[in-house]
Amino acid sequence: MILTLAFRNLFHDRIRLAVTLVGILFSIVLVAIQLGMYLGSSQMITAMIERSNSDLWITAFGAKSFEEGGMLLSNRERHQALATPGVKAVVPLVVAFAEWRKPEGGSTRVVLVGTDAEDGALEPWSLVSGTWQDIKSPDAISADDTYFKELGIEGIGDTAQIAMGRVKVKALTHRIRSFTQSPYVFTTLSRARSLLGTDSDKATFYLVQLEPGANVEAVRQELRNRLEGAEVLTKAEFEDRSLRQWLFRTGAGLALIGGALLGILVGTVIVAQTLYSSTKDHLNEFATLRALGSSSGYIYKVILAQAGLSAVIGYVLGILISLGILYISRNTPLPLVMTPGLAGALFGLTLFMSAVSAISAIIKVTKIDPATVFSR
Amino acid sequence: MTIPVLEAENVVKELGKGAGKVQALKGVNLSLVKGELTLLMGPSGSGKTTLLSILGCILTPTSGIVRVAGEEVAGKGPEELAELRRKHIGFIFQSYNLFPTLSALENVRIALDVIGRKGYQASSRAEEVLREVGLGNRLRNYPSNLSGGEQQRVAVARAIAASPSVVLADEPTAALDSENGHAVMALLARIAKDQNRSVLAVTHDPRTLGYADRVVRIEDGLIVGEERRPAGLDAPEITDLTKRRKANG
């Protein structure tokens with residue numbers, strides 16, 4: 001009967017129910033978008049590190065992120081690393097912001113990634129047109145089809161200029177997005193060095209692959225001892241550092257989390273307000289229940305059931321709308337991400353929000369004087 | 001000797017605070033025994049509803065003793081008082097106090113749900129009592145589709161569904177026309193007799209006198225008189241008794 005009464009109380013006033021549901025729905029959609037953007041941003045920031053086939057990353061001291069590693073490592077560090085017990089391979093990687101001059105004039109900034117896919121450490125994934133062999137051909141690069149407009153190109157065969165040299169689009173990746181909004185452009189290691197005008201032994205990172213069975217922590221410690229002026233990070237540490245740099249030092253992550261908190265707050269206030277007014281309207285019924293001998297707990301359960309029902313209905317509507325927005329965002333430079341974990345967390349959050357909203361109604365009902373049943 | 005199911009001894013109730021404090025009850029003694037329909041009559045402000053609230057464990061007395069089924073009420077908290085109500089007391093209200101969003105059957109079922117009786121057993125019991133009050137054909141109707149008399153009969157069914165030993169009714173006929181008023185009083189008299197429980201009805205409706213086994217009069221917070229229907233007299237006789245009472249001033 002608790003659920004029946006809660007359901008009937010909710011649906012008795014359809015307008016108030018609609019307001020409650022809009023409150024929850026608005027909150028869910030806002031939080032889903034903010035957290036979806038946060039997750040999407042996080043995935044973009046860590047994608048390169050995540051996709052690399054490496055156990056450890058050697059970076060110049062103080063490297064802030066994948067895109068801002070500098071060009072400070074040399075063959076000396078590479079050889080020192082290769083001589084370390086437990087190390088199988090040390091693969092150089094060149095990463096730097098560079099100016100991209102568009103074929104029709106104007107310029108933009110790109111992140112140039114120089115890698116030798118044969119080394120098996122990092123290669124462009126999601127190739128939808130062309131192959132690594134095409135990228136190895138003279139002046140070749142791969143660009144991402146999401147950024148055609150920004151790059152001023154239309155597809156394979158277009159030419160442009162990166163920093164000091166002409167390049168030709170020979171391969172296309174699909175949806176490799178960049179949090180910095182500077183598109184990733186892949187090319188070979190030597191061509192990247194040449195375009196950037198860097199010495200042929202310079203690298204931004206060394207990706208370390210270990211012998212099977214090697215102790216990661218022990219090798220890392222040994223590398224630290226040998227490599228003065230460089231840092232040795234695990235993939236997880238480098239991902240964390242990149243996330244900190246782009247999401248928190250720039251304030252972008254805080255803005256997204258702030259937006260999500262605002263959504264939760266607005267949703268909670270709207271649901272609390274409508275639940276409180278519903279409880280106030282049904283106060284005589286609650287007083288009657290009390291007079292009939294119901295425990296306070298029974299009445300709280302009715303209110304919580306009302307909150308729970310609102311939460312479930314609001315959540316279903318909210319998540320459907322969020323999924324629609326997610327679908328629309330899939331081809332934009334900043335796609336939203338929804339994971340089963342996030343969907344579950346949003347449901348938990350909705351229930352929590354509704355339970356918190358029920359507090360004011362419960363406080364109101366606690367003060368019910370059952371004697372009021374005689375004064376009606 | 002009949003053991004009282006509900007008794008009040010020297011009950012005093014003060015309402016308000018400071019200069020506004022009033023003594024609503026000034027030392028009331030009253031016992032209710034099974035098998036009787038007792039009417040509590042008195043003018044407005046005489047303390048009828050306050051006494052009903054105290055007997056129903058909704059209010060606690062400022063001083064004095066209240067016993068429900070032999071159990072003293074003094075010192076009990078709100079949850080313990082609610083438990084006493086659940087176990088022993090059924091209520092009927094002047095404005096019926098039905099849940100507008102629940103059907104007649106659900107309105108009775110909720111009273112059973114409160115005491116922990118759920119499922120099929122509760123449904124069949126609710127149906128049984130509704131049939132008992134003559135509403136077997138109105139089970140699925142909502143209060144808005146029932147007449148005042150029918151709503152009050154649902155309230156009666158709700159009050160007796162959990163088989164309490166005491167039913168307390170607050171002005172049960174005040175909102176009803178003559179025909180429905182008589183029907184409800186006849187029902188209350190029947191449940192007091194048939195089910196061997198005590199019924200106390202607060203009223204100022206003279207139409208109800210004919211159904212009473214006992215009439216208790218209260219004025220200014222004190223019981224000022226009590227009359228009992230002589231053995232062997234049926235309802236019309238007691239109406240005469242009322243007339244006699246009036247004739248004697």
Side-chain angles (χ1 to χ4, degrees), chain A residues 1-17 20 274-275 277-307 309-310 313 361-376, chain B residues 15 48-50 52-54 56-60 77-103 105-119 122-123 126 142 155 158-159 161-162 164 168-171 175 202:
Chain A
M1 286 305 294
I2 287 175
L3 266 181
T4 306
L5 186 59
F7 184 85
R8 301 279 175 81
N9 279 356
L10 265 185
F11 281 82
H12 184 59
D13 189 337
R14 305 262 165 109
I15 291 173
R16 184 164 45 213
L17 175 66
T20 307
T274 50
L275 211 54
S277 81
S278 163
T279 303
K280 219 173 149 196
D281 278 4
H282 294 283
L283 220 47
N284 286 323
E285 290 158 37
F286 290 129
T288 302
L289 270 180
R290 201 75 175 113
L292 294 179
S294 84
S295 62
S296 303
Y298 188 94
I299 296 172
Y300 299 162
K301 280 180 200 166
V302 175
I303 294 172
L304 286 171
Q306 269 181 252
L309 282 170
S310 310
I313 302 168
I362 285 175
I363 289 172
K364 180 76 185 169
V365 105
T366 307
K367 293 176 184 161
I368 284 182
D369 179 3
T372 57
V373 289
F374 294 122
S375 55
R376 288 171 67 196
Chain B
L15 300 173
K48 300 188 298 288
T49 302
T50 304
L52 191 76
S53 301
I54 287 173
C57 302
I58 283 176
L59 289 179
T60 49
E79 293 306 316
E80 292 164 299
L81 291 174
E83 193 185 344
L84 271 181
R85 293 197 292 275
R86 272 200 297 278
K87 283 182 178 171
H88 303 290
I89 301 166
F91 284 99
I92 298 163
F93 308 102
Q94 181 179 343
S95 314
Y96 328 128
N97 290 27
L98 299 180
F99 294 82
T101 56
L102 300 181
S103 67
L105 188 72
E106 289 165 337
N107 261 288
V108 179
R109 266 194 63 190
I110 201 162
L112 294 166
D113 198 61
V114 157
I115 62 163
R117 287 171 68 176
K118 297 170 195 294
S123 280
Y142 286 84
R158 179 176 69 184
L168 301 177
D170 181 36
E171 303 279 7
V202 162

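Scope of the values below: all heavy atoms of this structure, side chains included, with no hydrogens, waters or symmetry mates. The sequence lines fix the lettering, A, B, ..., with proteins before strands; numbering per chain opens at 1.
More than 12 heavy atoms of other residues, nucleotides or ligands sit less than 6.0 Å from atom CZ of A:Phe11.
In this structure, the separation between OG on A:Ser294 and CD on B:Glu79 is 8.0 Å, given to the nearest 0.5 Å. Between the CG atom in A:Asp13 and the OG1 atom in B:Thr101 there is a gap of 11.5 Å [rounded to 0.5 Å].
Between A:Arg8 and B:Tyr142 the shortest side-chain heavy-atom distance falls below 4.5 Å. By the 4.5 Å heavy-atom criterion applied to side chains, B:Phe91 and A:Thr288 are not counted as neighbours. For the pair B:Asn97 and A:Asn284, the minimum side-chain heavy-atom distance is 4.5 Å or more. Between A:Met1 and B:Lys118, every side-chain heavy-atom pair lies at or beyond the 4.5 Å cut-off.
A pairwise comparison of heavy atoms in B:Val114 and A:Gly293 identifies CG1-C, 3.7 Å as the closest pair.
None of B:Asp113, B:Ile110, B:Leu102 except one satisfies the side-chain contact (heavy atoms from CB on, under 4.5 Å) rule with A:Thr4; the exception is B:Leu102.
Of the two parts of B:Glu171, neither the backbone nor the side chain holds a non-hydrogen atom closer than 4.5 Å to a non-hydrogen atom of chain A. Contact annotation for B:Pro164: neither backbone nor side-chain heavy atoms come within less than 4.5 Å of a heavy atom of chain A. Using a 4.5 Å cut-off between heavy atoms, B:Leu59 touches chain A through its side chain atoms alone.
Most heavy-atom pairs under 4.5 Å with chain A, from the set B:Ala162, B:Ala122, B:Pro100: that is B:Pro100.
Judged by distance alone, the side chain of B:Arg85 and the main-chain N or O of A:Arg290 form a donor-acceptor pair under 3.5 Å.
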